[in-house]
Structures are given as structure tokens and as C-alpha cells.
There are 2 protein chains.
Amino acid sequence: MPRRVSSPSAHDVARLAGVSQAAVSRAFTPGASIAKLTQERIFKAAKSLGYRPNLLARSLIKGESGIIGVVFGNPRSIFFMSALHALSARLSQAQKHILMFTAEGKATADVHVEDLLKYRVDALFLMGIGLSRKLAEQCRDNHIPVVLFNLRSREIKDFASVTCNNRDGARQVGAHLIQQGYQRLAFMGGTTNITTSHERESAFNAYLASRGLPAPIREAGSYDREGAARAARNLLSRRSRPDAIFCWNDYMALAAIDVARYEFGLEIGREIGIAGFGDIEQASSPSFDLTTYTQPVDIMIQEVATLLLSPPQLMHSIHRVVDGVLKPRGSTQRRRN
Amino acid sequence: MPRRVSSPSAHDVARLAGVSQAAVSRAFTPGASIAKLTQERIFKAAKSLGYRPNLLARSLIKGESGIIGVVFGNPRSIFFMSALHALSARLSQAQKHILMFTAEGKATADVHVEDLLKYRVDALFLMGIGLSRKLAEQCRDNHIPVVLFNLRSREIKDFASVTCNNRDGARQVGAHLIQQGYQRLAFMGGTTNITTSHERESAFNAYLASRGLPAPIREAGSYDREGAARAARNLLSRRSRPDAIFCWNDYMALAAIDVARYEFGLEIGREIGIAGFGDIEQASSPSFDLTTYTQPVDIMIQEVATLLLSPPQLMHSIHRVVDGVLKPRGSTQRRRN
DNA sequence: GTGAAAGCGCTAACAT
DNA sequence: ATGTTAGCGCTTTCAC
């Protein structure tokens, strides 16, 4: 007798329970019209066979897979990471599942989205990464909701997005630094086309201008720790050294603190103010005590989930901007004046 | 004319290209027997319609979905995080995809594995979380490879696993601490049934015993920062305070350093030695300079990928134990004696 | 090299 | 309440 190699089907269960295959389907469909007794008989047969409905087959018919495609722009981002987990928990409740890709170093999520579309995902969630116009249009044609996270782009204006209030955050950091008496401000940005970084920078610059201050010194780091450290070194080696640095995210700010303190021997806060953006867990560690602007993950993901689960027609061009709050900490505290 | 709502099928393409639907299938199957010319005609038609093969339908026939199920035990673990991304990159090359779940606070991955099985995943990868015996057996019956990551359990002895060499790491840390002259050693563990933590602890204890030293003081923390901090406080408040703490992972070790330095005013290294396990990025920050044992993510994930992609028959009970190396750093450096 | 036909495991009318 | 039938979009014989 040949060893059965694939899992049992509804047919197998039907035969064992002495009912039609359709009855089995109904037994596993909440709210379908089936007699309590037959259902129980079917369940018993199913259990004894180890039957489990094949969701691939169901998806084929229903035209929806229950799968949400997620592309992860920056694998190093702790913020994205916690967002992913929050989303996973949230979508589990809605019986949706996450098909995940990492797109390190790629300019767009195209390759992965291509794959995801073949799996007929119900929606797409792009974290810190964009899409080519062509693919964006195809998603729209196929009525697949696309939600952008912490990123906006002209290419795909007609898609929904959820971002932190970058402008407000940058302004608040700017105001705080000025109020603390820092005068030679600098901005440490990310690499190419990170809209998040751009937004924070331009709002920061605009705010300083509105207060009659000169444009800040500027240095671009990169995603990794070493890139951030290099940028910090460049800034701190200048003849006219800045007395405060606003880093586009916490991760870079922590690297900057390390460089300032251990390579330049500066006292953080008094001799050099450093502020970040995002309030990752390490920021509140007393070893860093980093002034930053919070990105409220839970609220943001709540918005994302709502968008992902709502019918595509309803979500065109919805842009949610979620406010954080400034967390003034020791890294921008001038102990004496 | 009604608006087309679902994506075009192979049939649509066939009609447009003037061929049979089977031909379309062949055109998209690498190595299938089809004339160059027909193939091109089909591709053109496909492109103009925006056709993309439906992988759900293909999976239904082929009996394999191309999907690997991943359950994430501890969402806070930076180590798991980088492992996930490494795996994603690796599996992309093999045209496999990751269906991901977060299982925070759950004892087993059962609920999620149940879902994953309905999607007919080709293999399962469980990071720091186990499976009930019942479900484990069902996976075996269905010939679904299961790979455990940084976890072993008696329940599922017959599944493959990849772990770091916890015993070697614990021994090396022990030897290092003794050599540095620390005498009142302590161990800070994780919460319930974390086999990784147990292994490290028992190997640490065994090593100390072999050197004729008493069993270390013991304190259990939990996953989160606050739990770790509390455990550290308990240890440091004892009448006979330990002079060195081996923490079961880096995350807790960093929290312990913060507590020791900022709450107890201890000089790290000289007054209190602290060692971790894993070598996460923050460990090498000069702010912590944490002595630790590396967990080589890339090598481990390489092993995992090989196991996940190999036929289930071949992988019964394969247990890979990957060696790391000790990184002695300042947090266990007794500057003077 | 290509088309016709069967069928993967399921849901959704349509009967009864 | 239940069985029969058709069909989701594809792969895979089997002819030719």
C-alpha cells in the first residue's frame, strides 16, 4: 500500500463521515446552514484524519488570499521591527497573514512586490521603501490597497500613507535646542532618497530660518553604525564645531553620542547637545539619556491596520500623520550656563 | 460593460495570443517545451494584459506552496530580528517566501502553526518557541520539515534544530571571569522554559563546579528591560554582593550595566564585572563595551536555510550547534587589582 | 511543439 | 439541511 503523501482533503473526510464533500465545506464555514449533528460527525472524522481546510484552494475561489504583503525597507530599523510585530499581532486578530520580504539596499520594492502579486495578496504594506510608478499603477488596476509607512513619494501620490509628524517633531526639536541656548546647530541626515530624513531636515531648516538663525551645518550619514559615526566625526572635526546636532533618527544619534563622548571627550549636554528622532528603547537608557521625539508605533500601526483592512476604493490618498511628543532628556541639558 | 475586477488569467492571455491556455502555462514554465516564437507572442500578450501567473493555483496542483512559515518567539530579540532578515534574503534566492507570525507571550507556537498548516507551508521555522507534541506529530505526518532556532525541547526531539553553542559560550565566559579575578559570581537568567537560558546556566554552573567554586547566585529576570533591571537590582542589593554577573543575553546585560552604574554608582569592570551572550550591536558601543560571546547569525541562518530547503526525510533529528567566540571587553576588565 | 481534457481542493449556486 | 454540479487558475498527461 502506497504511503499517503499529501494531507487529507474534504473528500476523504466526507467519505469517512458518510456525507457529501460540500457538507464538509459547510461544516468548516462559520454560519453555513448545517445540522449540529452532521457537523459533529464531520468534525470527528476530520479530527481522526488530521484534516485541515486548504486555504490555498479557498483563496483561489474567493479571490482573496487573506495574505498581506509586507516589504521591509531598512532591516536595521528597530522602529520598523516593532511596527512589524505590532502589525502581526493586529492582523492575526483579523485572520490575516503577513508574507514578508526584506529589501536591503534596493531602491524600490519592485522585485518583491512582483512576487507578492503572484500570490494575490489582499494588500501591500511598504515600510520605508517605495514602488516604481509602473508597478504602482498595476496595484491600483488590480485594486490592491497599498499603504506606505514613514515614506511619501510623488510617484505614488495616490496611495495611502501613515507617517509620523516629521515636521512637528523637527520643529519641536529645533525650538528646544534654541531654548537650551545652543547656537551652532547641525543636522545629520540619512542617505539618498529617504523622504523621512528630508522632511525632518527641511522642517528643521525652515524653523531655524523662521527664528532668524542661519541654516544648520549638514552632514549625511548612512544606515549603519559606522556611517553614522563617520558623519559625527566630520561634524565634530570642523573648525567651528557645532554645539548641537539633530540626528534624523535615534540610531544615528546614539552613534553620535559615542563618538562625541569617547573620541572627542566631550561632555554630552554641556559641551555638545545631541537629539534624535523616534524614541527607541535605548534612547531612554541612562547611558545615553537621549532627547528625542516619540514615534507612537501602536497608534501608527492601528491606522495602518485600518487602512489595510478597508476596501481599496475607500483609501485613495489617505495620508495619516501621527503626532509624537518631545522627550527632553539629558543629552540636550546644559547643566550650567 | 462591467468593470473587470479580478486579474487576468492564463485563459485571457491565450485568447489574445491565439494559443491554448496550456501553451501560456508552458511559456511561463522554465524548461517547458515551447517554440521561441510562440513564447514571445504569449509574453507580449501577457504584458499588455498585465498578466501574472497565480501562484495559489500553481501551489494547489504542485502540492507545495513555496511558503515557509516562521514563528517569532520573542519580538524584542534583536538577535532573532537579524536572523529573520538574513533568512529572508537567503530564501528569496531560492524563490521561497516567508509567512510570518509573532507569538508574544504564548507558551507554544500552536495557534500560528495551525494557521500555517492551512496554507500548506513547505516548512516551518520556529524562533525561540516550541510546539505541542500533538502538533509536532501532525507536522511529521504531513512531512513538513520543522527547524527550531535557539531552542531544544524533549517534546520534539525528532526535529531539526540550529542553536548557538550555549555550553561552550557559558564555559568560556566562566573561565574568563575567574581568570579576571572575580570571585562572587552570579547568573541572571530568563523567565520560564527558555531552554537557551537553561543551557547557558547549567553549563556555567557545571564549569564553576569543575573549578571547585560554589554555585553562583541566581536571579531570574524577564524579557523586557524593566524585568532585567529589577533582577539586577535584586542581585546588587544583597548583603554579599556578587562581583560579577553573567547575564543570559546581551539585552539583559545592558540593562544590568545601566542599573549598576547609575543606580548603584559602581564602576563597571573594576567594581562589578558584567558579561552577556550574543554580541548584539550595542554590546560593542563604547558606552557599554560589554564582554560577550558571539552568536554568528549568518552561519546559523545558512544552516537553517539548508535544512529548510532539504527534503524532510533527510533532516530528522539533525542538530547543528554553531560555535561563537568570546569577546573580552571592558565590562569585565579589572583595571587595577 | 501544441491542443484537449482531467483534476488539484475547495466554494457557491442550484436543486431537492 | 443536504447533495449535485460547475468552476476558481493553473499543471499535467495524452494525443497528434
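So you know, we letter chains A, B, ... as the sequences are listed, proteins then strands, and number each from 1.
In this structure, A/Thr29 contributes its side chain and A/Ala32 its backbone to no donor-acceptor pair below 3.5 Å. With B/Thr108 contributing its side chain and B/Asp110 its backbone, the two residues share a donor-acceptor pair below 3.5 Å. Side chain of B/Ser65 to main chain of B/Arg120: a donor-acceptor pair is present (N/O by atom type, distance under 3.5 Å, no hydrogens or angles). Side-chain atoms of B/Asn142 do not come within 3.5 Å of backbone N or O of B/Cys139 as any donor-acceptor pair. Looking at A/Thr102, its side chain never comes within 3.5 Å of a backbone N or O of A/Glu104 through a donor-acceptor pair.
In this structure, the CG atom of A/Leu117 is 16 Å from the P atom of D/dG9, given to the nearest Å. Distance A/Glu40 CD to D/dA1 C1': 15 Å, rounded to the nearest Å. Following rounding to the nearest Å, B/Glu64 (CD) and D/dC10 (C1') show an atom-to-atom distance of 15 Å. Nucleotide C/dT11 holds its C1' atom 10 Å from the CG atom of A/Leu60, rounded to whole Å. As a whole-Å value, the separation of A/His11 NE2 from D/dG3 C1' is 11 Å. The distance between atom CZ of B/Arg41 and atom C1' of C/dG1, rounded to the nearest whole Å, is 12 Å. Rounded to an integer number of Å, the gap from OH of A/Tyr119 to P of D/dC10 is 14 Å. For A/Arg120 and D/dG9, the CZ to P distance is 8 Å, given to the nearest whole Å.
In terms of position along DNA chain C, the nucleotide closest to B/Gln39 lies nearer the 5' end than the nucleotide closest to the other residue of the pair B/Ala57 and B/Gln39.
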Pairs of donor and acceptor atoms involving the side chains of residues 46-53 of chain B, under 3.5 Å and at least two apart or interchain, shall be tabulated with distances.
residue : atom : partner  : partner atom : Å
B/Ser48 : OG   : B/Ala45  : O            : 3.0
B/Arg52 : NH1  : A/Glu114 : OE2          : 2.0
B/Arg52 : NH2  : A/Gln138 : OE1          : 2.1

Tabulate below the donor-acceptor pairs under 3.5 Å that side-chain atoms of residues 297-309 of chain A make, not counting sequence neighbours, or state none.
residue  : atom : partner  : partner atom : Å
A/Glu303 : OE1  : A/Arg320 : NE           : 2.6
A/Thr306 : OG1  : A/Gln302 : O            : 2.8

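Distance from the side chain of B/Lys62 is smallest to D/dT12 among D/dT12, C/dT11, D/dC10. Taking the side chain of B/Ile61 as heavy atoms from C-beta on, and the options D/dC10, C/dA12, C/dG9, the nearest nucleotide is D/dC10.
Contacts between residues 28-38 of chain A and DNA chain C, defined by a heavy-atom separation under 4.0 Å, are absent. Heavy-atom distances under 4.0 Å link DNA chain D to no residue of residues 42-52 of chain A. Against DNA chain D, the stretch residues 15-27 of chain A makes heavy-atom approaches under 4.0 Å through A/Val19, A/Ser20, A/Ala22, A/Ala23, A/Arg26.
Taking the side chain as every heavy atom from C-beta outward, B/Gln39 and B/Lys44 never approach each other to under 4.5 Å. Counting heavy atoms from C-beta on, the side chains of B/Ile67 and A/Tyr119 come closer than 4.5 Å.
In terms of the salt bridge (charged side-chain N to carboxylate O under 4.0 Å, His left out) criterion, B/Arg41 has no residue partners (sequence neighbours excluded).
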Stepwise, does the ring pair (Phe, Tyr, Trp, His ring centres under 6.0 Å) test hold for B/Phe101 with B/Phe72?
CA-CA 6 Å; B/Phe101 283 95; B/Phe72 214 94; over 10 Å; no
